[in-house]
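To keep things clear, I will list the structure first and then write my remarks on it.
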Amino acid sequence: MRRAAAGVVGVTAALASAVLAIQILQSVRDGSMAGSGGAIPGSDDRRSPLDRALELAGNAKLKTFLALDHEFIPPSPRFERFPFPTWTD
């Protein structure tokens, strides 16, 4: 179960860092972080950074994954624990 939880945390951390990087790049491009730079001409796109990232061809699998409703179901334990008096061998 630790391996599954670590995988979920790893994927979540990777997605969060990608979204954060996109937001930072977007703010730099719009000029909100750059002092007097201004925005790139013709960049009046109002979609969220995640929506733009999901439209890229390389993110098709991620887009289909996020479109589905995922509910975490913990894996069944590998071993059943039996009290000592119930042992038969």
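Just so you know, these numbers come straight off a predicted model, no measurement behind them.
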**Q.** Closest non-hydrogen atom pair between Arg52 and Arg47, with its separation
**A.** NH1-O, 2.6 Å

**Q.** Nearest heavy atoms of Asn59 and Ala53, plus distance in Å
**A.** ND2-O, 2.6 Å

Q: Nearest 0.5 Å please: distance from the OG atom of Ser48 over to the CG atom of Leu54.
A: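 Those atoms lie 8.0 Å apart.
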
Q: May I ask whether Phe65 and Leu50 are part of the same hydrophobic cluster, defined by side-chain heavy atoms of I, L, V, M, F, W, Y residues being less than 4.5 angstrom apart, directly or through others?
A: yes

(Q) Grouping I, L, V, M, F, W and Y whenever their side-chain heavy atoms are under 4.5 Å apart, do Leu62 and Val19 come out in a common cluster? (A)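 In one cluster: yes.
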
